[in-house]
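Per chain, numbering begins at 1; letters A, B, ... match sequence-line order.
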Amino acid sequence: MSIQSIRGMNDILPTQTPVWQSVENTLRSVLESYGYQEIRMPLLEATELFSRSIGEVTDIVEKEMFTFIDRNGDSLTLRPEGTASCVRAGIEHGLLYNQIQRLWYGGPMFRHEKPQQGRYRQFHQMGAETYGLAGPDIDVEMIAMTARLWRQLGLTDLQLQINSLGSTAARAAYRDQLVNYFSSHYNELDEDSQRRLQTNPLRILDSKNPNMQSLIDNAPLLLDHLDDESQTHFATLKTWLDELGIPYQVNPRLVRGLDYYNRTVFEWVTQQLGAQGTVCAGGRYDSLVEQIGGRPTPAMGFAIGLERLVLLLLHHQLQIPDKTPHAYLIMAGPGTLQQGLRLAESLRDALPHLRLLTHCGGGNFKSQFKRADKSGALVALVLGEEEMAQHQVTLKYLRQEHPQLRVGLAEVVDYLKPLLQLSNE
RNA sequence: GUGGGCGUAGCUCAGGUGGCUAGAGCUCCGGAUUGUGGUUCCGGUUGUCGUGGGUUCGAGUCCCACCGUCCACCCCA
């Protein structure tokens, strides 16, 4: 067996890259249309950054990070998510103090999980983070922005779920109540939930075990224990979502896995990706900046799982941009190669958007035409000895009923121009 | 980390209960057609049968272990 890629780390092959490029371009243009600026962070950070921000006892930190000791003896970790790095960079470069920032980033993230549909060890996210804004207005903006993303991409079957976790203090108080409640029913908890009681009690509410449902239904509700300010914040958010005509579902069981969230949390989910239905998720994290060593700064953000988005788009067989070549240059006979390469370069000068493949590797006309056809090109440009003697090129249309014709070298451009408009960019 | 399905040619897959040099379609290459692809016809190339061990006169087939992959649990984007 020859060397293979690392488990859960996939190559994205040429047949797939057009979808990825299309998704990335769409996301970028929407983010820019809301005035968000790109920030790029390293893939590698001090391990402590993640253990302090994501939470010591979360699964991510406890067993899913790619962590190693470098040559200096420092513990480094491949980023399992983007928010912590973004906050670190913001603090480090003075981007956050007394300022308002709207940022976005993209790139690979790493988690040592067992791969399955929509979940990989190296996966890609695009995310946005905002700083210095505490009100529900920015929450609405970010949710509306994600709604626009799906519209741009042509996705119609994503559902928005929202919830409020309340203030950090209210959340902690609720957590205590929940622990008390479930502890008094300890024997009715399944094995997973008994463990969650120690690690993340809010997660018990999310259990998929049907035997747990009645117990969960009777548990105290997070929304009943919100502090007044969070309640108002959440109510306003809902009103404004209504006004923008963005449908949502309040899901009182929605808790995000990472410790730093408070108040607004949201998820966009689909039924079409099997078990990994969350395509986009985020929320407020008003205390994280301070926790990592900055001045108290309200913050809100979300991340999108690109693999899941791409899977969804493939599911829907949405139109993706065509990258097949417009023309394929066939050259045969003494001296035609030099002449042909010159012609190809001049055509690329004249038509910057032209996708022109020049034949390499020799061969007779027949084999060259075969390659031309296989490339998907719309026309074959033929430069043989006869053409060369008359300073001409033969144009043969490979995809449409159209007789082939001979044109002068200088006129080729005029015949190629219409082809550029014909193919969808 | 736990559980289940699956590993045969570049791709998609056949190969009852063990039995000769392991097959098909597609792809690829060449020819029919020495300056014309895509259709048709003819011919050709392609394999440590995931890896290692075991049972057997004999293993692609049975047993064990490992690896990979897919799906689910857990968790999460």
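- Relative orientation of the A:Y285 and A:Y261 rings is perpendicular, given thresholds of 30° and 60° on the angle between their planes.
- The residue among A:T394 and A:H112 whose nearest nucleotide of RNA chain B is located toward the 5' end is A:H112.
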Q.
Using a 4.0 Å heavy-atom cut-off to protein, can you give one letter per nucleotide of nucleotides 67-74 of chain B, 5' to 3': B if the base is in contact, S if only the sugar-phosphate is, - if neither?
A. -SS-SBBB
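- For the pair A:K396 NZ and B:rG35 C1', the interatomic distance rounds to 10 Å; values are reported in whole Å.
- The nearest whole Å value for the distance from the CD atom in A:E267 to the C1' atom in B:rC76 is 9 Å.
- Below the 3.5 angstrom threshold, one finds no donor paired with an acceptor across the side chain of A:Q404 and the base of B:rG35.
- For the pair A:M331 and A:H359, the tightest heavy-atom approach, listed with the atom from each and the gap, is CE-O, 3.4 Å.
- Ring pair A:F110/A:F66 is perpendicular by interplanar angle, where above 60° counts as perpendicular and below 30° as parallel.
- In this structure, the CD atom of A:Q368 is 13 Å from the P atom of B:rC29, given to the nearest Å.
- Rounded to a whole Å, the CZ atom of A:R399 is 11 Å from the P atom of B:rU39.
- Using a 4.0 Å heavy-atom criterion, one finds that A:E386 contacts the bases of the nucleic acid, with or without backbone contacts as well.
- For A:D373, taking side-chain heavy atoms from C-beta onward, the closest of the listed nucleotides B:rG35, B:rA77, B:rG37 is B:rG37.
- Atom pair A:E307:CD and B:rA77:P shows a separation of 14 Å (rounding to whole Å applied).
- Residue A:F369 and nucleotide B:rU36 are classified as a stacked aromatic pair, their ring centres being separated by less than 5.5 Å at an interplanar angle below 30°.
- Between A:K370 and the phosphate of B:rU36, there is no side-chain N or O to OP1/OP2 separation shorter than 4.0 Å.
- Of the residues near RNA chain B, A:E81 and A:R371, the one whose nearest nucleotide (by heavy atom distance) lies more toward the 5' end is A:R371.
- For A:N10, the side chain to side chain donor-acceptor pair (under 3.5 Å) criterion is met by no residue, not counting sequence neighbours.
- The residue A:E191 sits apart from the nucleic acid: no heavy atom pair falls under 4.0 Å.
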